[in-house]
Amino acid sequence: MQPQFSAKLEATSWDPKLEAEMRQVWEYERIFDFKPSNDKNHNFVIDTPPPYPSGKPWHPGALTQYTQIDMVARSARMRGFNVLYPVGIDRNGLPVEIYAERKYRVQMRKTPREEFINLCKHALDDLESYMVGLMKTLGISGDYYNKYRTDSEEYRKLTQWSFIELWKKGLIYVANRPNNYCPDCNTTIADAEIEYEELPTFLVTNTFKVQDSRMELPVATTRPELLAACQMLVVNPADSRYKKAVGKTAIIPIYNREVPIRAHKSVDQKFGSGVVMVCSYGDYNDVMLFREFKLKEVVAVDMDGKMTTVTGKYAGAAIKDARSQMIQDLQEAGVATKVEQIQHRTPLCERSKTPIEIIPMEEYYLKQLDFKADLRRLAKKMEFHPAMHRQILLDWMDVLTTDYPISRRRYYATEIPVWYCSKCGTPHLPKPGVYYRPWRDAAPFKKCKKCGNEKFVGETRTFDTWMDSSLSPLFISKRLRNPHFHSLTYPATLRVQGKDIVRTWLYYTLLKCYQLTGKEPFKQVWIGGMGQDAQGKKMSKSLGNYVDAEPIIAKFGADAFRFWGASEAGLGYDFRFSEERIAGAGKLMNKVWNTCRFISSFPVPEKAILTWTDKWMINELGKLTRQCTEAYARYDVFTVSNKVREFLWNVFASNYLEMAKGRAYGDGATKEEQEAAWYTLHVVVKSLLLLLAPITPYLTDYVWRKQYGTQSIHLEKLPEAERFEVSEKVSQSILEFNAQVWKTKRDKGLALKDPIAAKIPANLKQFEKDLVRMHHITK
RNA sequence: GGGCCGGUCGUCUAGCAUGGUUAGGACGUCGCCCUUACACGGCGAAGGUCGAUGGUUCGAAUCCGUCCCGGCCCA
C-alpha cells in the first residue's frame, strides 16, 4: 500500500465483539427514546407483541421475528418518523404457572394463593431478564426505559377497567354452558386455545336392547366411560338398517336406564355401526344435539377429570382408567361385541396437550357474535402486510359460533373485579381506575344495593390472558394515564405479530378495542412467518428439534443473525433455521467491513467532477436506493437485504471498485479524476451503510462514526437517489466485458496483472481509460 | 372435506400480474489464484427437461384446465 493512504479501520475483519461496545454507546446516548410529535402523522406507533416468558431457550423463530420488527422500527425512524417502539413482557396466565409448578415442584391448588403467585413472579423475573438480555443483544431498539409488564398494577388496572366498561355497555354476561375444559390445567379454555391431533383410541361397539322388541342395536363409541351420561341414541334418518328402531326406547347396558332412539342428519352412516350414543358431553355434536332435543345434562366428569358419583362404581377414577375398566366390564358382560383401535381426531389443550373435556360450567362471557359484521369491515379496511394473511383473520371470524368465555380458574392472572352479596348473590362491580384483588381484598361497598346485606364474597376467578394482551394498543397509548398522549398515539400505526396468533391476539385486540373505542386499534398489520427447523418442520420442545439461538448469535454476531433473518424469506413466509446460512451472512458482514476499510484510506472530497465510470456507478446506486426505499415503505426487508447484497458484492466491489482502484491511488490519472474516484467511493459506501443500517445496526453505526458522522447513523435519514444519463445497457456490458477479460486471462494462464490485448466494445468507449488501467490492456 | 400458501440447480430463492434473447442470485461443491480492502477473499466451472399432465399461442417457468406432493389453518 502506498504510504500516503492508510485505512482508518485497522482490523482485517469485522469482530462481532464490537457489538457490545456499540450497544453501550446507544444506551448511554438514549437515541431511541420516543418524543411524540404534536402532528399525529409524524408519530409511528408500533404495537409490538410482548413476549411470553414460557421457558428457555427462547424460540429462535420468535427471535428472528423480533429482529425483523426492529428493522421496521429502525427504518421508520430513518424515514423521518417519531417512532414509539414499546418493550413489554406478557406475564399473565397458564404457561408461567406451569413453568413455576415444574421449577419449584409445587402444585398450584395445593399451595396458598399468595405464595403461589410469588413463586410465579420469581420464575417470571428470572425468565424476563434472560429475554430482555437477548433482545438487547440482538439490537432491538425498543423503549426499555418504559418497559411494561402485563401483570403490573398499571396494566391490570386497565384490564379491569375494560371489563367494567364492557359490563356497563351490556356486553358481558354469565351463562352456564358446556365449555371446553382442560382437566390438567383445571380451567375453562376458549376455542382459540384448542388444537387437534389424530390420536389412537378404541372404538367399542356395544349391544343395546330395544324395549318391547327383539331388536338389538350395535352402538359404536369412543367414550364408553360416559355411558351413565347417555340420554339418547341417534341414527341417520336415511339409514334403512335402523328405520324401525326410531321412536322406540333403548336400554343402556350396565346402568339399565331407558333412553329414546331418534334420527338426526348429523349421524354419519359410515362411522362405526351407524348408531351413536349422545352423552353429556363426548364432543361438540353432543352439545348440539342436547340443545336441539332439549335433553337433560348428566355430569359424568368433574373438574379434576375424575368420574362423578352418577357413574356408580367408576366414581373417582380418572377418565382413562374408567375407560379401560368400562371396556373390560362391557366385554365380560358380553355387551361389547367389537373393540378396534382407530385414529381419532382429538381436541387437545394447546398448553398441556391434554384431551379437553366438555363440562357444563358457569362462566363469564364477552359478546362477540354480534360484532362479526363490524369486525369484518375493519379487517377489510386495515392494510395487511402481506395482503394474503388477511384471510387467516377473515376465516377465523367466519367459524366463530359462540361468545368468548373470559373467566378462568387460575391464580396468576388479572382478577375479575366482582364481589357478590353473601345473601342474595347480586354481583357488584367497583369503580374503575384501581387494581382490585377480590379474593383477598375487602369489598369496596357498604351494603348490597339489592337486599342491604353488608357482607360480600369476592370473586376468585381470573381473566383469560388475552383479556390483558388484547389491550396493548390502549396501554401503550396511555389510555387511562395521559389523554393528550393517547390522542397522539391511538390508533397505532402498525400491529406486528406472527401468523400463529392471528385468531387470538389480533382478533381479540380488534374485538375489544373496537368495543371500547369504536375505532380500529391500528391502521396496518404486519404478519410474519414462522421459524421452522432445517427440514421445514415446526420447531417445538416436544419434538426435540428446538435450536438454542444464543450460542449461534454469540458466534456470528447479532448483525449476521439479523441479516440472515431479513434475507431468508419474504414477509409472511415461513423460514428454516440454518446455521450454515447464518454463517454465510457473517461473511457478508466481513465484506462490508473490508469494503469500508479500503475506502476509509481515501479523503472525503466535498464534490467532484465525475468521470463516466463514476456516473455509471452513482446511477446504479440511485436505482438501488429507489428500490430499497420503496421496499422499506412496504416493510419488506427481504428485498432490501438481497438487493443490497447483490449490488455491494457483484456490482460495486467486483466491478466498480476494481475499475476505480488505480485511479483512486492516482495511477496515471489527473488530480481531478482521482478525486472523482474518492468522491464516488465514499458516496456509494455512505449510501450502502444507510440502507443497511436498519438491518445490521451495529456494524453500520460503528463504521459510520469512525468514518463519517459525529452522531449515530441511526439518527440519519435514508439516502436520496441520484440520476445520470447513462445508457441502460451499459451496466450489463461492463459486467460482461470484465468477466470476459478475466476468463481469457485464466484460459491463457495469465495473472491478473499481466498485460493483455483486448478490444473495448464501442458502447464502453466512455470507460476506456479505467478499463485499460484495470486489466492492463495493451493496444 | 374446505381455505390459504408453496412446489425453479444439493439447499434457500429471483423471475410469474403486463407470455419472447444462453432461467438470474445466494449458500454449498469442484478447479485455479495469497492480484498492494478482504483467503470470512478473487476468478472460473459443474449443477436446473422451472411438481405432473393436457390446452391456448409462432412462442409458456410465466396464461387456462385437471391431477399429484408438502406446509399451515379450519371442519
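By convention in this document, chain letters (A, B, ...) are assigned in the order of the sequence lines, proteins followed by strands, and residues within each chain are numbered from 1.
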### Task
Determine, for nucleotides 7-16 of chain B in 5'-to-3' order, which nucleotides have protein heavy atoms under 4.0 Å from the base (write B), from only the sugar-phosphate (write S), or from neither (write -).
----BBS---
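- Rounded to a whole angstrom, the distance from the C1' atom of B/rC30 to that of B/rA46 is 7 Å.
- Of the listed nucleotides (B/rG24, B/rU36, B/rC40), B/rC40 has the atom at the smallest distance from the side chain of A/Lys587.
- Across B/rG1 and B/rC63, the matching P atoms stand 26 Å from one another, rounded to whole Å.
- Taking atom P in both B/rC58 and B/rU13, the straight-line distance is 36 Å, to the nearest Å.
- Between the side chains of A/Gln524 and A/Tyr635, a donor-acceptor pair is found at a separation under 3.5 Å.
- Across the C1' atoms, B/rC9 and B/rA14 are found 14 Å apart, a figure rounded to whole Å.
- In this view, A/Arg634 and A/Asp636 satisfy the side-chain hydrogen bond (donor to acceptor under 3.5 Å, both in side chains) rule, not counting sequence neighbours.
- Nucleotide B/rA45: paired with B/rU29 (Watson-Crick or G-U wobble, both distances less than 3.5 Å).
- Applying the salt bridge (Lys or Arg N to Asp or Glu O under 4.0 Å) rule to A/Lys643 yields no partners; only residues at least two apart in sequence or on another chain are considered.
- Taking A/Tyr656 as the reference, A/Asp614 meet the side-chain hydrogen bond (donor to acceptor under 3.5 Å, both in side chains) condition, with sequence neighbours excluded.
- When both pairing distances are held under 3.5 Å, B/rA17 makes no Watson-Crick or G-U pair with any nucleotide shown.
- Checking A/Trp593, A/Tyr698, A/Phe563 one by one against A/Trp14, the ring-ring contact (aromatic ring centres under 6.0 Å, His included) holds for a single residue, A/Trp593.
- Across the C1' atoms, B/rC43 and B/rG48 are found 23 Å apart, a figure rounded to whole Å.
- Taking the six-membered ring for Trp and the full ring otherwise, the centers of A/Phe638 and A/Tyr573 sit at least 6.0 Å from each other.
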Between protein and nucleic acid, restricted to nucleotides 42-45 of chain B and to nitrogen or oxygen atoms under 3.5 Å apart, what atom pairs and distances do you find?
unit_1, atom_1, unit_2, atom_2, d
B/rG42, OP1, A/Lys591, NZ, 3.0
B/rG42, OP1, A/Trp649, NE1, 2.6
B/rC43, OP1, A/Ser654, OG, 3.1
B/rG44, O2', A/Arg746, NE, 3.1
B/rG44, O2', A/Arg746, NH2, 3.2

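- Nucleotide B/rC63 forms a Watson-Crick or G-U wobble pair with B/rG55, both donor-acceptor distances falling under 3.5 Å.
- In this structure, A/Lys661 does not reach the B/rU36 phosphate: none of its side-chain N or O atoms is under 4.0 Å from OP1 or OP2.
- For an aromatic pair to be called close, the ring centres must be under 6.0 Å apart, and A/Tyr404 with A/Tyr508 satisfies this.
- Within the nucleic acid shown, A/Asn650 comes within 4.0 Å of sugar-phosphate atoms alone, with no base atom in reach, counting heavy atoms only.
- The C1' atoms of B/rG54 and B/rC27 are separated by 37 Å, rounded to the nearest whole Å.
- Under the 4.0 Å criterion applied to side-chain N and carboxylate O atoms, A/Arg663 and A/Asp770 are assigned as salt-bridge partners.
- Under 3.5 Å, the side chains of A/Gln732 and A/Glu736 contain a donor-acceptor pair of N or O atoms.
- Between A/Glu646 atom CD and B/rC27 atom P the separation is 11 Å, expressed in whole Å.
- Straight-line distance from the CG atom of A/Leu571 to the C1' atom of B/rC4: 15 Å, rounded to whole Å.
- A/Phe561 has its ring centre no less than 6.0 Å from the ring centre of A/Phe556.
- Atom pair A/Leu688:CG and B/rA37:C1' shows a separation of 15 Å (rounding to whole Å applied).
- Atom CG of A/Asp395 and atom P of B/rG3 are 10 Å apart (whole Å).
- Residues A/Tyr702 and A/Glu19 have side chains that never bring a donor and an acceptor to within less than 3.5 angstrom of each other.
- Residues passing the ring pair (Phe, Tyr, Trp, His ring centres under 6.0 Å) test with A/Trp616, sequence neighbours excluded: none.
- Distances shown here put every side-chain N or O of A/Lys499 at or beyond 4.0 Å from the OP1 or OP2 atom of B/rG71.
- Whole-Å rounding puts the A/Lys8 NZ to B/rC38 C1' distance at 20 Å.
- Comparing the P positions of B/rC69 and B/rU53 gives a spacing of 16 Å, expressed to the nearest Å.
- Heavy atoms of A/Leu657 sit under 4.0 angstrom from at least one base atom.
- Atom P of nucleotide B/rA75 and atom CG of A/Asn285 are separated by 13 Å, given to the nearest angstrom.
- Residue A/Tyr573 has no polar side-chain atom (N or O) positioned under 4.0 Å from OP1 or OP2 of B/rC5.
- Taking atom C1' in both B/rG7 and B/rU62, the straight-line distance is 15 Å, to the nearest Å.
- The nearest whole Å value for the distance from the CZ atom in A/Phe577 to the P atom in B/rG71 is 21 Å.
- Nucleotide B/rG6 forms a Watson-Crick or G-U wobble pair with B/rC69, both donor-acceptor distances falling under 3.5 Å.
- Pairing partner, B/rU36: none, since no Watson-Crick or wobble contact has both distances short of 3.5 Å.
- If you measure from atom CH2 of A/Trp678 to atom P of B/rA37, you get 15 Å, rounded to the nearest angstrom.
- Along RNA chain B, the nucleotide nearest to A/Trp396 and the one nearest to A/Gly586 differ in position, and the one closer to the 5' end is contacted by A/Gly586.
- Comparing A/Trp14 and A/Phe598, the nucleotide of RNA chain B nearest to each residue sits closer to the 5' end for A/Phe598.
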